[in-house]
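Below is one structure, written out as structure tokens, with a few remarks after it.
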Amino acid sequence: MTLSDSVRTVALVVACVPLVLLTGCPQDQSASPGKTSAQTTAPAITQASSTTASQSGQAASSTEQSVDSSARAFKVQRLINSAEAAYRSGVDNYRAGRLDAARLDFDSAVDLMLTSGMDLKADPQLADEFDHLLNAVNSLEMAALKQGNGFSPKIEEAPLDSAEDLTFPANPELTAKLKAELQISSDLPLVINDQVAGYIGYFANSPSFHAHMLRSMERAGKYKTMIQSALTAQGVPQDLIYLAVAESGFQPQVLNAKSGAGGMWQFMPTGAYGLARNGYFDERFDPEKSSIAYARYMKTLYNQFGDWYLAMAAYDWGPGNVQRAVQRTGYADFWELYRRNALPKETRDYVPKILAAVIMAKNPEKYGLDKMVPDEPVVSDTVSVDYAIDLRLVADITNSSLPEIVALNPSLLRMTTPGDMPFDLHIPIGTHDVFTERLKEIPQDKRSTWRFHVVRTGESLDGIVTSLHAHLSDVVAANGLSANDGVDTGDELVIPVTVAASTRPQRYTVHHGDTLVTVSDRFGVSVEELRRWNHLSSSAVRPGASLAVAEPVKLAPGTHVHGRGSRKRSGSRTVSTSVHQGSAHPSSGRAGSKASGSSTTSKPAGKKSSHAAKPSSGTKTKKKATR
């Protein structure tokens, strides 16, 4: 045996030690007892030598492959165990009411897999675990954060959900009256029949529906121009915008906890139509991208059925189901399928309710919708980033607030953009240039932790450092200052933060003897902030109470449960981990479609740090605020 062979043998034995509990050490099959050669005539000596060498090489190769396979299996299982442990910790925190701690655990579980360096899609076991993890985290996190005090608006009931399981007897007089009184011109083929008239009559006399409808029409002002542009680009009727009245009430973060359908257009989480869903963002909650996907999907459905009513029915029930109903009855007509009970009740009601909502919206004076004031359109600048940047830093450098940045990016599920894929970040209109310029001062690998501050009247350097939980020496070095330098109103400062905001304690359990003053001192926040974050009307706190000690932010969408049956039946456990192009004709159901920066105490390597080695009072590099 040569020296290299001896080394190989020893290496294999050593490699087997940590794997023995999983698979046992590979065995030399040629040395297995009880086996004899099937050959009855001994081969020539040269052949024997050749055969033996060949078999020995194959056995060695097989052994190496077995070791590699076992090592990978061990690594996969270890990753899964770690992710599951973080997830279970999150569940424990969730059940105990520690929602912020639960979110950190869930983020950690997802991060472990995303940053493992392993191909999650290529390994079936990892792919299944990641899908399972995202679904579990998504459902628990959404339900938990719904109870928080975040910035996302409370999800209201979609107007048409208040009219479930209703039946209306034929009322020819009402139908004739409505036909005579109402304006029904539209780029959709509107009709007033007994079914549509029944819903108009019900909605017109329902105070709750009127309130829901009015608020929906007001919210539509935010997105109307955006949606109309998407519909125009696909050449589909503009009045298809009113499907959002039924689906979400024009709320971009609606999530159906039963089925998993989400967003303004309630797409299922199948990754279809170019809408990406992963641990960082869910494009179903992006108003513009989801509206483009919706317009394309409706065009596809119309091209398939040649009828807008059937297209709407297919949107609710699924094109495959509608196609089978047409084939079974021989009628490619919605109202004929309605009369023959060839559609489920939800879908039979879905189309008349939408038609009723469209007709009422087109007759605002008749139904008290003419005095509403639409919300201002959502406008923003967009910057494409392919690095992790904390939303607090985005707010800092654009002179805006964190709630404003959160509201402009409803598809983001975390306080940071992803670090290894492009993301279209929306920032306040007119801030593109200042964003680009100020960001140059912060090294790319520090943008998930560092902050930026424009000095306000009356502020001191010590006060700024304390409020942002930084160290004076780091701030001085990063900005080319000396320890004795002061700051002037309008100065722009880069703030190296040594502890990422997301890793600081989020909640604190009050102990005997605690007051808001002692708690505020402990966590470096003000009494006023504690009162605001916890909705306290006084300074009294009781032992055992759980206080938010960091500004609570809810990025993930709230939960809204639809009552409609087929929406529940079409739920899916599948989650996409990247952008997928979905089939234009899903077989059934609605088909539509987190790596935190590590803390650091190292000196910056950016533009200003070149002056940090020997700062002097005469070499300040502070910059006046960009106006």
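Residues take their numbers from the sequence shown, with the count starting at 1.
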Can you check whether [Y]'s main-chain N or O pairs, donor with acceptor, with [X]'s side chain at less than 3.5 Å?
X	Y	result
Arg296	Ser291	no
Arg451	Pro496	no
Asp514	His511	yes
Asn278	Phe281	yes
Glu283	Ser290	no
Thr417	Ile389	yes
Asn479	Val475	yes
Ser89	Ala85	no
Asp390	Arg392	yes
Glu529	Ser526	yes

Is the closest side-chain heavy-atom distance between [X] and [Y] below 4.5 Å?
X	Y	answer
Pro418	Tyr387	no
Trp450	Glu441	no
Val510	Arg542	no
Leu412	Phe285	no
Ser400	Ile405	yes
His432	Val383	yes
Met421	Asp386	no
Met264	Arg284	no

Practice task
Tell me, with the steps shown, if Val394 and Leu402 meet side chain to side chain contact (heavy atoms under 4.5 Å, CB included).
Solution key: CA-CA 8 Å; Val394 176; Leu402 182 56; over 6 Å; no

Practice task
Take Asp396 and His453 through the test side chain to side chain contact (heavy atoms under 4.5 Å, CB included) and record every step on the way to the result.
Solution key: CA-CA 6 Å; Asp396 291 344; His453 187 78; over 6 Å; no

Exercise for the section: Please report the C-alpha distance between His471 and Val465 in whole Å, then the side-chain angles of each, then the deciding distance to 0.1 Å, and finally whether the side chain to side chain contact (heavy atoms under 4.5 Å, CB included) criterion is met. Expected result: CA-CA 6 Å; His471 293 306; Val465 168; 5.6 Å; no

Practice task
Give a yes/no verdict on a cation-pi contact between Arg438 and Phe452, requiring under 6.0 Å between NZ or CZ and the six-membered ring centre and an angle within 45° of the axis.
Solution key: no

Taking all non-hydrogen atoms of both residues, which atom of [X] and which atom of [Y] are closest, and how far apart?
X	Y	result
Ser384	Pro422	OG-CB, 4.2 Å
Val549	Tyr508	CG1-CB, 3.7 Å
Pro269	Gly260	CD-O, 3.4 Å
Leu530	Leu516	CD1-O, 3.6 Å
Ser546	Asn534	O-OD1, 4.2 Å
Leu408	Pro428	CD1-N, 3.6 Å

Practice task
Could you label the plane-to-plane angle of the Tyr87 and His132 rings as parallel, tilted or perpendicular, counting under 30° as parallel and over 60° as perpendicular?
Solution key: perpendicular

Atom pair [atom1]/[atom2] of [X] and [Y] - distance to nearest 0.5 Å:
X	Y	atom1	atom2	value
Ile442	Ile397	CD1	CD1	6.5 Å
Leu275	Met268	CG	CE	13.5 Å
Ser467	Ile495	OG	CD1	8.0 Å
Ser248	Gln253	OG	CD	11.5 Å
Met415	Ser448	CE	OG	12.0 Å
Ser411	Leu425	OG	CG	9.5 Å

Problem - Candidates Asn409, Thr382, Asp381 - the one meeting side chain to side chain donor-acceptor pair (under 3.5 Å) with His426 - result: Thr382

Exercise for the section: Considering only NZ, NE, NH1 and NH2 on the basic side and carboxylate oxygens on the acidic side, decide whether Arg72 and Asp123 come within less than 4.0 Å. Expected result: yes

Practice task
Run the numbers on Tyr294 and Phe267 for ring-ring contact (aromatic ring centres under 6.0 Å, His included), then give the verdict.
Solution key: CA-CA 9 Å; Tyr294 164 70; Phe267 283 119; 7.2 Å; no

